[in-house]
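A short worksheet on the structure shown next.
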Amino acid sequence: MSSKPKSKPKSKPAKSKPALKPAVASAKPAAEAAAPLPVKGGLSKSELNEFKALLLTRKKVLQGDVKTLEDEACKKGSDAAGDLSTLPMHMADLGTDSHEQDISLGLMENESDEIHEIQEAFERIKDGSFGLCETCRKKIPKERLRAIPYTRLCVSCKKKEEGV
């Protein structure tokens with residue numbers, strides 16, 4: 001009689017231990033597969049979609065601005081100072097037109113640079129590094145990303161870069 005009770009408890013734990021280990025091992029991959037994959041920048045898919053929308057909106061605005069500036073710069077070159085008379089153009093008018101064209105070209109260059117930064121932000125979204133500071137590799141605060149969605153640096157690293 002004493003041998004029967006000893007064998008029963010030994011067989012039950014021995015059977016239950018191997019049964020638990022495979023169940024736990026198989027449960028981990030299923031849980032990992034069901035959970036959304038973490039993004040390197042720590043942003044959820046909905047947050048990334050929010051930033052994609054901000055980037056697309058800004059890009060469309062800039063593209064419209066660049067087109068308008070191009071049209072204005074070209075118009076100024078062909079119809080300088082609105083010269084509708086047969087009188088020769090005054091030197092001051094030529095200087096003003098030249099200055100305005102330089103300003104327009106400078107704005108176009110700045111806005112083209114910003115469009116390029118936006119394109120690179122889309123690349124960072126694709127590779128999973130969007131939302132991480134390129135210098136210190138820490139997360140960029142979402143408030144900063146909402147203000148400047150194509151930013152590459154956190155505030156402290158940007159201050160260091162600018163010497164502030």
>> Test your reading of the model: is there a side-chain donor-acceptor pair from R58 to the backbone of I148, 3.5 Å cut-off?
In response: no
Got a second to check how far [X]'s [atom1] is from [Y]'s [atom2], nearest 0.5 Å?
X: K139; Y: L132; atom1: NZ; atom2: CG; result: 8.0 Å
X: E117; Y: I115; atom1: CD; atom2: CD1; result: 11.5 Å
X: L145; Y: E50; atom1: CG; atom2: CD; result: 9.5 Å

For [X] against [Y], the heavy-atom pair lying closest together:
X: R124; Y: Y150; value: NH2-O, 2.8 Å
X: P149; Y: R146; value: CD-O, 4.1 Å
X: F130; Y: L55; value: CE1-CD1, 4.4 Å

> Among all residues two or more places apart in sequence or in another chain, which pass the side chain to side chain donor-acceptor pair (under 3.5 Å) test with R144?
Replying inline: T151
> Do L153 and L54 belong to the same hydrophobic cluster, where Ile, Leu, Val, Met, Phe, Trp and Tyr are linked whenever their side-chain heavy atoms lie under 4.5 Å apart, directly or via other members?
Replying inline: no
Expected list for residues 157-164: side-chain donor-acceptor pairs under 3.5 angstrom, two or more places apart:
unit_1 : atom_1 : unit_2 : atom_2 : d
K158   : NZ     : E161   : OE1    : 2.9

